[in-house]
Amino acid sequence: MATLPDQTITTIFRLQQRLVALLDTATAAEYSLLQQFGETQETMPELEAIDNVKERLRIPYNRLHRILQQVAESQPAATADVLDFLYRTIDQGEAIADASEASIQEIKRSWNLP
(Lines give C-alpha, C1' and ligand atoms only; values in the text may rest on other atoms or scores of the structure.)
Protein backbone atom coordinates (compact mmCIF):
# COMPACT_ATOMS: atom_id res chain seq x y z
CA MET A 1 0.00 0.00 0.00
CA ALA A 2 1.13 3.49 -0.68
CA THR A 3 1.85 4.81 2.76
CA LEU A 4 -0.63 7.29 4.16
CA PRO A 5 -0.08 9.00 7.48
CA ASP A 6 -1.94 7.30 10.34
CA GLN A 7 -3.76 10.59 10.95
CA THR A 8 -5.14 10.53 7.40
CA ILE A 9 -6.38 6.96 7.72
CA THR A 10 -7.96 7.78 11.09
CA THR A 11 -9.62 10.85 9.56
CA ILE A 12 -11.04 8.76 6.71
CA PHE A 13 -12.49 6.11 9.02
CA ARG A 14 -13.94 8.69 11.44
CA LEU A 15 -15.49 10.59 8.56
CA GLN A 16 -17.00 7.40 7.13
CA GLN A 17 -18.37 6.58 10.58
CA ARG A 18 -19.89 10.06 10.84
CA LEU A 19 -21.40 9.81 7.35
CA VAL A 20 -22.99 6.45 8.20
CA ALA A 21 -24.33 7.81 11.49
CA LEU A 22 -25.85 10.79 9.69
CA LEU A 23 -27.35 8.49 7.07
CA ASP A 24 -28.95 6.54 9.90
CA THR A 25 -30.22 9.75 11.52
CA ALA A 26 -31.68 10.96 8.22
CA THR A 27 -33.39 7.62 7.64
CA ALA A 28 -34.78 7.60 11.17
CA ALA A 29 -36.15 11.12 10.69
CA GLU A 30 -37.71 10.08 7.40
CA TYR A 31 -39.31 7.06 9.06
CA SER A 32 -40.64 9.15 11.96
CA LEU A 33 -42.03 11.77 9.63
CA LEU A 34 -43.81 9.13 7.57
CA GLN A 35 -45.12 7.28 10.63
CA GLN A 36 -46.44 10.40 12.36
CA PHE A 37 -47.69 12.47 9.45
CA GLY A 38 -47.70 10.26 6.37
CA GLU A 39 -46.77 11.18 2.84
CA THR A 40 -48.79 14.33 2.33
CA GLN A 41 -48.44 17.53 0.38
CA GLU A 42 -47.11 19.17 3.56
CA THR A 43 -44.44 16.53 4.23
CA MET A 44 -43.28 16.02 0.63
CA PRO A 45 -40.73 18.86 0.63
CA GLU A 46 -39.08 17.50 3.78
CA LEU A 47 -39.15 13.92 2.52
CA GLU A 48 -37.48 15.06 -0.70
CA ALA A 49 -34.95 17.06 1.30
CA ILE A 50 -34.14 13.98 3.38
CA ASP A 51 -33.68 11.93 0.21
CA ASN A 52 -31.29 14.58 -1.09
CA VAL A 53 -29.37 14.58 2.20
CA LYS A 54 -29.05 10.81 2.09
CA GLU A 55 -27.72 10.90 -1.47
CA ARG A 56 -25.23 13.65 -0.59
CA LEU A 57 -23.99 11.52 2.34
CA ARG A 58 -23.57 8.40 0.20
CA ILE A 59 -21.32 10.10 -2.35
CA PRO A 60 -18.34 10.97 -0.13
CA TYR A 61 -18.68 7.69 1.78
CA ASN A 62 -18.41 5.67 -1.43
CA ARG A 63 -15.66 7.87 -2.85
CA LEU A 64 -13.57 7.48 0.29
CA HIS A 65 -13.98 3.72 0.14
CA ARG A 66 -12.94 3.53 -3.51
CA ILE A 67 -10.04 5.96 -3.20
CA LEU A 68 -8.65 4.26 -0.10
CA GLN A 69 -8.83 0.92 -1.88
CA GLN A 70 -7.05 2.43 -4.88
CA VAL A 71 -4.32 3.86 -2.63
CA ALA A 72 -3.96 0.48 -0.90
CA GLU A 73 -3.40 -1.20 -4.25
CA SER A 74 -0.94 1.44 -5.49
CA GLN A 75 2.68 0.40 -5.63
CA PRO A 76 5.15 1.76 -4.92
CA ALA A 77 3.14 4.93 -4.29
CA ALA A 78 -0.16 6.51 -5.14
CA THR A 79 -0.08 9.22 -7.77
CA ALA A 80 -0.25 12.85 -6.78
CA ASP A 81 -3.62 13.12 -8.54
CA VAL A 82 -5.09 10.28 -6.49
CA LEU A 83 -3.79 11.75 -3.24
CA ASP A 84 -5.09 15.19 -4.17
CA PHE A 85 -8.50 13.66 -4.93
CA LEU A 86 -8.41 11.84 -1.58
CA TYR A 87 -7.72 15.02 0.40
CA ARG A 88 -10.33 17.01 -1.55
CA THR A 89 -12.86 14.24 -0.89
CA ILE A 90 -12.09 14.38 2.82
CA ASP A 91 -12.64 18.15 2.86
CA GLN A 92 -15.83 17.87 0.83
CA GLY A 93 -17.08 15.00 2.97
CA GLU A 94 -16.63 17.02 6.15
CA ALA A 95 -18.48 19.97 4.63
CA ILE A 96 -21.29 17.71 3.41
CA ALA A 97 -21.54 16.08 6.84
CA ASP A 98 -21.82 19.48 8.55
CA ALA A 99 -24.46 20.74 6.11
CA SER A 100 -26.41 17.47 6.24
CA GLU A 101 -26.43 17.44 10.01
CA ALA A 102 -27.84 20.98 10.05
CA SER A 103 -30.52 20.07 7.47
CA ILE A 104 -31.60 16.99 9.40
CA GLN A 105 -31.80 18.91 12.68
CA GLU A 106 -33.85 21.66 11.05
CA ILE A 107 -36.37 19.15 9.69
CA LYS A 108 -36.57 17.37 13.02
CA ARG A 109 -37.19 20.67 14.85
CA SER A 110 -39.79 21.81 12.32
CA TRP A 111 -41.83 18.64 12.78
CA ASN A 112 -40.98 17.97 16.45
CA LEU A 113 -39.40 14.63 15.58
CA PRO A 114 -37.31 12.68 18.08
Side-chain angles (χ1 to χ4, degrees):
M1 173 171 143
T3 305
L4 289 174
D6 287 342
Q7 180 68 27
T8 300
I9 294 171
T10 299
T11 298
I12 291 167
F13 289 145
R14 284 190 180 149
L15 180 54
Q16 284 183 311
Q17 183 178 21
R18 183 174 179 212
L19 293 166
V20 167
L22 286 168
L23 187 57
D24 178 62
T25 300
T27 303
E30 178 182 48
Y31 179 78
S32 292
L33 187 59
L34 284 169
Q35 289 298 306
Q36 291 181 31
F37 303 101
E39 189 173 332
T40 66
Q41 190 170 11
E42 290 80 23
T43 61
M44 284 307 295
E46 281 79 4
L47 292 170
E48 289 175 11
I50 292 171
D51 279 342
N52 290 335
V53 164
K54 288 167 41 175
E55 183 60 28
R56 285 194 320 261
L57 291 167
R58 285 184 202 110
I59 291 168
Y61 180 88
N62 290 328
R63 279 187 187 157
L64 287 168
H65 172 76
R66 286 191 309 269
I67 297 167
L68 188 57
Q69 181 180 358
Q70 187 175 356
V71 170
E73 295 174 351
S74 297
Q75 290 300 323
T79 66
D81 288 344
V82 170
L83 293 176
D84 181 54
F85 187 53
L86 172 64
Y87 289 112
R88 279 187 292 129
T89 300
I90 290 170
D91 290 343
Q92 291 169 354
E94 290 171 343
I96 288 168
D98 291 342
S100 296
E101 186 170 24
S103 295
I104 296 164
Q105 292 306 319
E106 183 179 329
I107 291 168
K108 288 172 69 173
R109 273 193 301 275
S110 294
W111 289 88
N112 294 319
L113 300 174

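All residue numbers in this chain count up from 1 along the given sequence. Quantities reported herein were computed from a predicted structural model and do not represent experimental measurements.
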Checklist line | Taking every non-hydrogen atom, the tightest pair across E42 and P45 | finding: O-CD, 3.6 Å
Could you pull out all donor-acceptor pairs under 3.5 Å where a side-chain atom in residues 27-38 meets a protein atom, sequence neighbours excluded?
{"residue": "T27", "atom": "OG1", "partner": "L23", "partner atom": "O", "Å": "2.8"}
{"residue": "E30", "atom": "OE1", "partner": "K54", "partner atom": "NZ", "Å": "2.8"}
{"residue": "S32", "atom": "OG", "partner": "A28", "partner atom": "O", "Å": "3.2"}

Residue pairs passing the ring-ring contact (aromatic ring centres under 6.0 Å, His included) test where at least one lies in [range], sequence neighbours excluded:
range           : answer
residues 51-80  : none
residues 6-29   : none
residues 66-106 : none

At what distance, to the nearest 0.5 angstrom, does [atom1] of [X] lie from [atom2] of [Y]?
X   : Y    : atom1 : atom2 : value
L57 : E101 : CG    : CD    : 10.0 Å
T89 : L68  : OG1   : CG    : 11.5 Å
I12 : I67  : CD1   : CD1   : 8.0 Å

Notebook entry, point to check: With S103, which residues qualify under side-chain hydrogen bond (donor to acceptor under 3.5 Å, both in side chains), at least two apart?
Noted result: none
Check: Got a sec, which residues hit side-chain hydrogen bond (donor to acceptor under 3.5 Å, both in side chains) with E39, two or more places apart in sequence or on another chain?
Finding: none
Check: Among the clusters formed by ILVMFWY side chains lying less than 4.5 Å apart, do I104 and L47 turn up in the same one?
Finding: no
Acceptor/donor pairs from residues 107-114 side chains to any protein atom, 3.5 angstrom cut, sequence neighbours excluded:
{"residue": "K108", "atom": "NZ", "partner": "P114", "partner atom": "O", "Å": "3.2"}
{"residue": "S110", "atom": "OG", "partner": "E106", "partner atom": "O", "Å": "2.9"}
{"residue": "W111", "atom": "NE1", "partner": "E46", "partner atom": "OE2", "Å": "3.3"}

Next item on the list: With sequence neighbours left out, write down each residue that passes side-chain contact (heavy atoms from CB on, under 4.5 Å) with Q41, or none if nothing qualifies.
Entry: none
Checklist line | Partner residues of N62 under the side-chain contact (heavy atoms from CB on, under 4.5 Å) criterion, sequence neighbours left out | finding: R58, R66
Check: Do V53 and L22 have side chains that get closer than 4.5 Å, going by heavy atoms?
Finding: no
Next item on the list: Report yes if the side chains of P60 and L19 come closer than 4.5 Å at any heavy-atom pair, otherwise no.
Entry: yes
Note to self: By the salt bridge (Lys or Arg N to Asp or Glu O under 4.0 Å) test, which pairs, at least two apart or in different chains, include something from residues 78-95?
What the structure shows: D84-R88
Check: Linking Ile, Leu, Val, Met, Phe, Trp and Tyr by side-chain heavy atoms under 4.5 Å, what else ends up with I59?
Finding: none
Checklist line | salt bridge (charged side-chain N to carboxylate O under 4.0 Å, His left out) partners of D98, counting only residues at least two apart | finding: R18
